2 protein chains.
Amino acid sequence: MSAQPTDTQPSRPRIRDAEATKGRILDAAKKEFARNGLEGARVDAIALEANANKRMIYHYFESKEKLFQTVLENAYFDIRESEKKLELDSLDPREALERLVRFTWNYYIQNPEFISLVNSENLAQARHLKTSEPVKIVSRRFVGLVDTILKRGVSEGIFRSGIDPVQLNITIAAVSYYYFTNQYTGSIIFERDLMSESAQAERIRFNIDTILRIVCL
Amino acid sequence: MSAQPTDTQPSRPRIRDAEATKGRILDAAKKEFARNGLEGARVDAIALEANANKRMIYHYFESKEKLFQTVLENAYFDIRESEKKLELDSLDPREALERLVRFTWNYYIQNPEFISLVNSENLAQARHLKTSEPVKIVSRRFVGLVDTILKRGVSEGIFRSGIDPVQLNITIAAVSYYYFTNQYTGSIIFERDLMSESAQAERIRFNIDTILRIVCL
DNA sequence: TACCAAAGTAACCAATCGGTGCAAAAAGGG
DNA sequence: CCCTTTTTGCACCGATTGGTTACTTTGGTA
């Protein structure tokens, strides 16, 4: 054993950086809320993980609930921002739809916290999102995405008309979201490792096929 | 203020009925776990709701976790039992599939606790279900259901071959499950009341259409 | 360099949580 | 009618929780 007091650097010059501290708290909170849910998350655990003092959480974010709200809003901003970078208008409608399905799948894989946060928010009956005007604003653009693809497909004569873009949007999310959020109970009930490489490859193909079958003539 | 010690009947004759007490606790626990999640649920609240003493919960179910496990297992037994009553073999494959999609939808409506309990279990990485052999057993029959319909449809020349029954099973659940579990955030993001009568009717039609498009030639 | 708002810390608190010890009350067999 | 077993009630506990009080340290700047 050494005489050093902790496993951090012995006499860290302690840099003051409010933005960095806020960022570390948000990152830690996202992890903790995703892993344990809104009720299960521990403020002390967030402070520890963020390498920050618990008092700073209340200094910057007021309460556990407000912290969750901020984490959740940021999560929505992030996914909508990523979607904007897809440039689906340059692709033909079928390819645009396939890319959107793939994007949704990959986003959930790379950001597993997103699904868990949304689940927590729905258990809370969306009480944090209700008051968030910014999230509503960024969501509008997102709904328009599928609508545009659908209209283009119809005018090109490859998609059938009369499809509700909201229903399609929901279904695109559903077939991937459900697979991930229920991966643990699913792997038991179907007696198959749903998260193996081969199972994942199989599922994404099935999902693309499903969505294209909905829209094509 | 009256002199009565509590708000229960002053000298209730106290009937001994272990099974009834257990049942009331399980009902109350199901509601409480569904509403607040595994971590958010309060044992005192369950006791109050069940009109039973908290001590009885630990007498009959040992711990909060074990109580949750029992509630969850019962929920799975119930849905699988209901599915058995569908008699899908007497219908032609297309109708059988439609009935199964409708059943899944209606079951989620009539048993909203089921979805919430499954969500909680997945947040807990299915640690309660892992050790439950009975749930695995009743699940096998369930997977076989869709497989049988699919095979019949192929031999009758109305379904295409090569469809993985597990993928189809997952998709049937997904398109309804996702709609309900995300009803609160969904209603905000799509700026539409997803739970209105008309919205529900629209969704179930869309779901039946989706599933039939997957299997039909 | 003296000053002071901003950033960070440690110790603490009241409330609440899951879980228990213990014994009274009620049923049922002899 | 007694006595064992099951069912019930109440008070209580140690641990943990979200949140706070009071304080020190830092770094830009007048």
Side-chain angles (χ1 to χ4, degrees), chain A residues 5-33 35-71 120 124 127-128, chain B residues 3-26 28-29 31-33 35-71 120 124 127-128:
Chain A
T6 70
D7 58 343
T8 59
Q9 286 96 343
S11 55
R12 181 158 46 99
R14 192 181 312 290
I15 300 141
R16 295 171 76 98
D17 191 337
E19 285 308 308
T21 304
K22 265 199 235 185
R24 286 197 326 272
I25 290 172
L26 284 172
D27 287 346
K30 189 191 209 172
K31 276 177 69 175
E32 176 73 6
F33 282 130
R35 177 155 36 228
N36 300 317
L38 175 54
E39 292 271 358
R42 299 292 163 237
V43 178
D44 291 272
I46 293 169
L48 189 72
E49 166 83 23
N51 197 18
N53 191 278
K54 183 164 67 156
R55 192 65 189 82
M56 299 313 292
I57 293 175
Y58 291 94
H59 180 70
Y60 290 127
F61 300 100
E62 203 171 333
S63 69
K64 186 186 176 183
E65 293 271 321
K66 286 271 177 65
L67 175 59
F68 178 80
Q69 186 174 5
T70 306
V71 168
S120 286
R127 66 170 184 267
H128 310 89
Chain B
Q4 290 171 5
T6 70
D7 59 344
T8 58
Q9 285 96 341
S11 55
R12 183 156 46 100
R14 188 132 71 87
I15 300 141
R16 291 172 75 100
D17 193 336
E19 286 308 309
T21 305
K22 266 198 234 185
R24 287 198 324 273
I25 291 172
L26 283 173
K31 278 176 66 175
E32 175 73 4
F33 282 130
R35 179 157 32 230
N36 301 317
L38 174 54
E39 292 271 359
R42 298 291 162 240
V43 177
D44 291 272
I46 293 170
L48 189 72
E49 166 83 23
N51 198 19
N53 193 278
K54 183 165 69 156
R55 195 69 190 76
M56 299 312 294
I57 293 175
Y58 290 95
H59 181 72
Y60 290 128
F61 301 100
E62 202 172 334
S63 70
K64 186 185 176 183
E65 293 271 321
K66 287 269 177 66
L67 175 60
F68 178 79
Q69 186 174 4
T70 307
V71 167
S120 286
R127 66 169 184 267
H128 309 90

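Every value quoted in this text rests on a predicted model; they were computed, and no experiment measured them. Chain letters run A, B, ... following the sequence lines, proteins first and then strands; every chain starts at 1.
- In this structure, Arg42(A) reaches the dG18(D) phosphate: one of its side-chain N or O atoms is under 4.0 Å from OP1 or OP2.
- Taking atom CZ of residue Arg24(A) and atom C1' of nucleotide dA7(C), one finds them 12 Å apart after rounding to whole Å.
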Please set out all donor-acceptor pairs under 3.5 angstrom arising from side-chain atoms of residues 56-65 of chain B, sequence neighbours excluded.
from, atom 1, to, atom 2, distance (Å)
Glu62(B), OE1, Lys66(B), NZ, 3.3
Glu62(B), OE2, Lys66(B), NZ, 3.2
Ser63(B), OG, Lys66(B), N, 3.2
Lys64(B), NZ, Leu38(B), O, 3.0
Lys64(B), NZ, Ala41(B), O, 2.8
Glu65(B), OE1, Arg127(B), NE, 3.3
Glu65(B), OE1, Arg127(B), NH2, 3.1
Glu65(B), OE1, His128(B), NE2, 2.7
Glu65(B), OE2, Arg127(B), NH2, 3.0

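- Remark: P of dG18(C) and CD of Glu39(B) are 9 Å apart, rounded to the nearest angstrom.
- Atom CE in Met56(B) sits roughly 17 Å away from atom P in dA25(C) (whole-Å rounding).
- Atoms OH (Tyr58(A)) and P (dC12(C)) sit 19 Å apart, rounded to a whole Å.
- Taking the nucleotide of DNA chain C with the nearest heavy atom to each of Ala52(A) and Lys54(B), the more 5' of the two is matched to Ala52(A).
- Using a 4.0 Å heavy-atom cutoff across all strands shown, Ala41(B) reaches sugar-phosphate atoms only and no base atom.
- Here the closest non-hydrogen pair linking Leu67(B) and Ala29(B) is CD2-CB, 3.8 Å.
- Atoms CD1 (Ile25(A)) and P (dT9(C)) sit 10 Å apart, rounded to a whole Å.
- Using a 4.0 Å heavy-atom distance criterion, Ala20(A) is classed as making no nucleic acid contact.
- Taking Asp27(A) as the reference, nothing meets the salt bridge (charged side-chain N to carboxylate O under 4.0 Å, His left out) condition, with sequence neighbours excluded.
- Contact annotation: side chain of Lys64(B) to base of dG19(C), donor-acceptor pair absent below 3.5 Å.
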For nucleotides 22-24 of chain D, tabulate all protein N/O to nucleotide N/O atom pairs closer than 3.5 Å, reporting atom names and distance.
none

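- Evaluation of the side chain to side chain donor-acceptor pair (under 3.5 Å) rule for Lys31(A) yields Glu49(A) as partners, not counting sequence neighbours.
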Using a cut-off of under 3.5 Å, enumerate the N/O to N/O pairs linking the protein to nucleotides 4-6 of chain C.
from, atom 1, to, atom 2, distance (Å)
dA6(C), N3, Arg16(A), NH2, 2.3

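- Contact annotation: Thr21(A) side-chain N/O to dG8(C) OP1/OP2 distance is under 4.0 Å.
- Partners of Ala52(B) under the side-chain contact (heavy atoms from CB on, under 4.5 Å) rule, at least two apart in sequence or in another chain, are Thr21(B), Arg24(B), Ile25(B), Ala50(B).
- The line from CD of Glu32(A) to CG of Asn36(A) is 4.5 Å long, rounded to the nearest 0.5 Å.
- Residues Gly37(B) and Ser120(B) share a closest heavy-atom pair of CA-OG, 3.5 Å.
- Listed by chain and number, the residues in a salt bridge (charged side-chain N to carboxylate O under 4.0 Å, His left out) with Arg42(B) are Glu39(A) (sequence neighbours excluded).
- Inter-axis angle, ends of the helix from dT1(C)-dA30(D) to dG30(C)-dC1(D), five pairs per end, rounded to 10 degrees: 10°.
- Atom CG of Leu48(B) is separated from atom P of dC10(D) by 13 Å (rounded to the nearest Å).
- Taking atom OH on Tyr60(A) and atom P on dG19(D), their separation rounds to 18 Å, with Å as the unit.
- Note: CZ (Phe68(B)) to C1' (dG18(C)) measures 16 Å, nearest angstrom.
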